[in-house]
Amino acid sequence: MTTRDDIQANREQQLVERVIRSFGSCADPRLRELMVSLVGHLHAFIRETRLTEREWAAAIDFLTRCGHITDDKRQEFILLSDVLGASMQTITVNDHAKADATEATVFGPFFVENAPGIPLGGNIAGPAAGEPCWVEGRVTDTGGTPLAGARVEVWEADEDGLYDVQYDDDHTAGRAHLFTDEHGHYCFWGVTPTPYPIPHDGPVGQLLEHTGRSPMRAAHLHFMVSHPGHRTLVTHIFVRGGSHLDTDTVFGVKPSLVKDFQRQPAGTPAPGDRVIDGTWTRARFDIVLTPDSSSAP
Ligand code: BEZ
Ligand code: FE
């Protein structure tokens with residue numbers, strides 16, 4: 001016997017199939033695949049949760065507010081993708097596990113093109129306040145061969161958890177690029193990273209608040225490392241023992257990227273004969289790039 005529930009389920013299923021069929025003449029097979037899958041999952045979500053019209057209107061209002069706050073300096077949709085773990089899942093799907101290659105993580109919104117160049121051992125901090133931090137390592141390929149001349153872009157927030165671009169002036173701080181030497185070695189001074197919140201004064205911040213989630217990111221230092229013939233790596237290193245490692249709001253922490261930032265007592269001689277009054281930290285990050293051709297799984 002056909003019940004009312006059967007009739008209802010049939011109506012809902014018919015609608016999904018009609019919408020999916022509407023993409024049948026899409027000439028681009030990949031676009032068709034994406035749209036059919038998206039429609040299938042979206043309708044499954046609506047049916048499974050028995051979404052109300054009011055809730056759907058609230059969702060559209062939320063997306064509208066994300067659009068209104070977005071401009072060339074603020075990208076609320078990327079923040080939304082980040083806090084839903086969608087950015088990190090896309091990176092994970094595309095960063096196919098490969099033996100010793102360094103893992104990737106989220107790019108974030110605070111990278112700036114054409115950051116100043118510094119020599120090996122130079123300082124990226126500029127006017128950024130914070131405890132000095134010495135970072136060094138080697139860039140190699142997956143066979144262990146050092147990569148000379150790899151471009152290493154680094155950027156970080158100051159001790160107040162703010163990037164230079166979050167201040168109301170045009171100063172540059174906490175960012176630079178440098179190149180590895182003939183042994184693949186790089187080293188620079190920065191500041192010891194501290195935890196900070198993602199911008200949370202907009203709709204994504206409200207979403208986090210309403211769902212009882214923290215906007216905080218674990219303390220980290222961003223890297224983008226490139227070398228001809230190798231896949232460009234976008235990643236960060238995190239401070240071992242720091243807060244929010246398990247609750248990083250954009251799900252960016254991977255255990256392999258958590259590093260010791262060893263605190264040195266005041267008076268410890270510092271690399272490059274730098275004279276430092278107080279404490280400082282040092283961290284090591286060896287980076288392994290995959291060849292371009294291995295980017296496919
Ligand atoms: C960041 O690390 O800078 C960041 C990443 C994702 C969202 C907001 C900030
Ligand atoms: Fe960051």
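Order of appearance sets the numbers: ligands from 1, and atoms from 1 within every ligand. Since we're looking at a predicted model, the values are computed, not measured.
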| message | Before moving on, can you tell me the angle at the Fe ion (ligand 2) between the OH atom of Tyr196 and the NE2 atom of His222, to the nearest 10 degrees? | response | 170°

For [atom], find the nearest protein heavy atom and state the residue, atom name and distance (0.1 Å precision).
atom: atom 5 (C) of ligand 1; value: Gly108 CA, 3.4 Å
atom: atom 4 (C) of ligand 1; value: Pro109 CD, 3.4 Å
atom: atom 7 (C) of ligand 1; value: Asp82 OD2, 3.2 Å
atom: atom 2 (O) of ligand 1; value: Arg217 NH1, 2.6 Å

| task | Take every heavy atom of Tyr196, measure it against each atom of ligand 1, and state whether any distance is under 4.0 Å. | result | yes

| request: For the pair Phe107 and Phe111, name the ring-plane relationship: parallel under 30°, tilted 30 to 60°, perpendicular over 60°. | output: tilted

| Pair Arg231 + Asp292: basic N to acidic O under 4.0 Å | no

| said: Taking the basic N atoms (NZ, or NE/NH1/NH2) and the acidic carboxylate oxygens, is any pair closer than 4.0 Å for Arg74 and Asp201? | reply: yes

| Any N/O of His220 closer than 3.5 Å to an N/O of ligand 1? | yes

| Would you say the side-chain atoms of Glu131 and Thr281 include a donor-acceptor pair closer than 3.5 Å? | no

| Any N/O/S atom of His220 sitting less than 2.8 Å from the Fe ion (ligand 2), backbone or side chain? | yes

| query | Side chain, backbone, both or neither: which part of Ile78 has a heavy atom under 4.0 Å from ligand 1? | reply | neither

| request: Would you mind telling me if ligand 1 is within reach of the side chain of Phe107, the backbone, both or neither, using heavy atoms under 4.0 Å? | output: neither

| What's the spacing between His222 NE2 and Trp155 CH2 if we round to 0.5 Å? | 6.0 Å

| message | Tell me if a side-chain donor or acceptor on Arg175 pairs with a main-chain N or O of Phe110 at a distance below 3.5 Å. | response | yes

| said: Taking side-chain contact (heavy atoms from CB on, under 4.5 Å) as the criterion, tell me which of Thr142, Thr102, Asp141 meets it with Thr290. | reply: Thr142

